[in-house]
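Reckoned from all heavy atoms, side chains included, excluding hydrogens, waters and symmetry mates.
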Amino acid sequence: QVHLVESGGGSVQTGGSLRLSCVGDSEISSSYCTGWFRPSPGKEREGVAVIAPDGSANDADSVKDRFTISKNNADNSWSLQMRNLQPDDTAMYYCAADDPVKCNLKSWRYEADHFGYWGRGTQVTVSS
């Protein structure tokens, strides 16, 4: 059983920044596809950004140039740096991990049902 723990959520005003972090209790960041998901209209969870074991990353068009995913294999963690936050970014953010192949799927944003490991979520609230 793999456990993931998120941190870093909070409340900011429009244009503000937050950094989310997720820590796993095994060699997740170096061996798994890891990422961040949040709810979207009609979907329980949709991909925001993912990062593969080799460091290659994908992110959603809605966050491109504002959010950056990174990882630190030394402490089995990955982070989501969020800048220029907008009210539409308000959501519960979940970190997740699964087989490395998930990061390379064109459908990665819609593969939440096939990610096996999840954190409990951390709330991000952006006020206008």
Side-chain angles (χ1 to χ4, degrees):
Q1 184 69 27
V2 173
H3 296 92
L4 308 181
V5 180
E6 301 103 336
S7 62
S11 298
V12 296
Q13 293 187 327
T14 298
S17 298
L18 284 173
R19 184 179 180 89
L20 307 182
S21 293
C22 185
V23 178
D25 60 2
S26 63
E27 295 181 349
I28 287 183
S29 64
S30 61
S31 304
Y32 287 67
C33 173
T34 55
W36 294 91
F37 290 73
R38 68 185 185 188
S40 69
K43 289 189 180 296
E44 185 175 344
R45 297 179 190 181
E46 189 171 294
V48 176
V50 293
I51 186 165
D54 66 0
S56 59
N58 291 310
D59 50 32
D61 288 344
S62 60
V63 305
K64 204 170 289 291
D65 298 328
R66 298 189 301 122
F67 292 9
T68 303
I69 190 170
S70 61
K71 67 187 180 83
N72 184 343
N73 293 337
D75 62 10
N76 300 318
S77 69
W78 55 103
S79 298
L80 186 69
Q81 178 66 52
M82 304 185 293
R83 301 178 179 87
N84 191 21
L85 282 159
Q86 303 297 312
D88 284 350
D89 296 317
T90 294
M92 184 73 80
Y93 284 72
Y94 299 89
C95 67
D98 207 273
D99 190 279
V101 69
K102 300 292 172 61
C103 277
N104 298 321
L105 296 175
K106 290 184 178 180
S107 60
W108 67 269
R109 290 191 64 198
Y110 312 110
E111 296 291 333
D113 288 348
H114 301 120
F115 271 71
Y117 304 115
W118 291 91
R120 292 176 177 265
T122 185
Q123 179 68 36
V124 171
T125 302
V126 185
S127 58
S128 57

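Two residues are said to be in side-chain contact when any heavy atoms from C-beta on lie closer than 4.5 Å; V50 and K102 fail this criterion. Contact check for Y110 versus E46: side-chain heavy atoms found under the 4.5 Å cut-off. Counting heavy atoms from C-beta on, the side chains of Q86 and S62 never come closer than 4.5 Å. Using a 4.5 Å heavy-atom cutoff, the side chains of T68 and R83 are in contact. Looking at P87 and S128, their side chains come closer than 4.5 Å, going by heavy atoms from C-beta outward.
Side-chain contacts under 4.5 Å among hydrophobic residues (ILVMFWY), followed directly or transitively, place V48 together with V2, L4, V12, L18, L20, I28, Y32, W36, I51, V63, F67, I69, W78, L80, M82, L85, Y93, Y117, V124, V126.
Minimum heavy-atom separation, A112 to W118: O-CZ2, 3.3 Å. A pairwise comparison of heavy atoms in G121 and E6 identifies N-OE1, 2.8 Å as the closest pair. Smallest separation of non-hydrogen atoms from A91 and Q123: O-NE2, 3.4 Å. Considering every non-hydrogen atom in both P53 and S30, the closest pair reads CB-O, 3.4 Å. Contact record, S56 with D54: OG-OD1, 2.7 Å, taken as the closest heavy-atom pair. Closest of all the heavy-atom pairs between K71 and S29 is NZ-O, 3.2 Å.
If you take CZ on R38 and OG1 on T122, they are separated by 14.0 Å, rounding to the nearest 0.5 Å. R109 contributes atom CZ, which lies 7.0 Å from atom OG of S40 (distance to the nearest 0.5 angstrom). Here the NE2-CZ distance, from H3 to R120, works out to 8.5 Å after rounding to the nearest 0.5 Å. Q13 CD to T125 OG1: the interatomic distance, rounded to the nearest 0.5 Å, is 12.5 Å. To the nearest 0.5 Å, atoms CZ (F115) and CH2 (W108) are separated by 8.5 Å.
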### Query
Going through the distances and angles, do S79 and S21 end up as a side-chain hydrogen bond (donor to acceptor under 3.5 Å, both in side chains)?
CA-CA 4 Å; S79 298; S21 293; 3.2 Å; yes
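Between R66 and D59 there is no salt bridge, since no side-chain nitrogen of the basic residue lies less than 4.0 Å from a carboxylate oxygen of the acidic one.
Not one N or O on the side chain of D75 forms a donor-acceptor pair closer than 3.5 Å with the backbone of V23.
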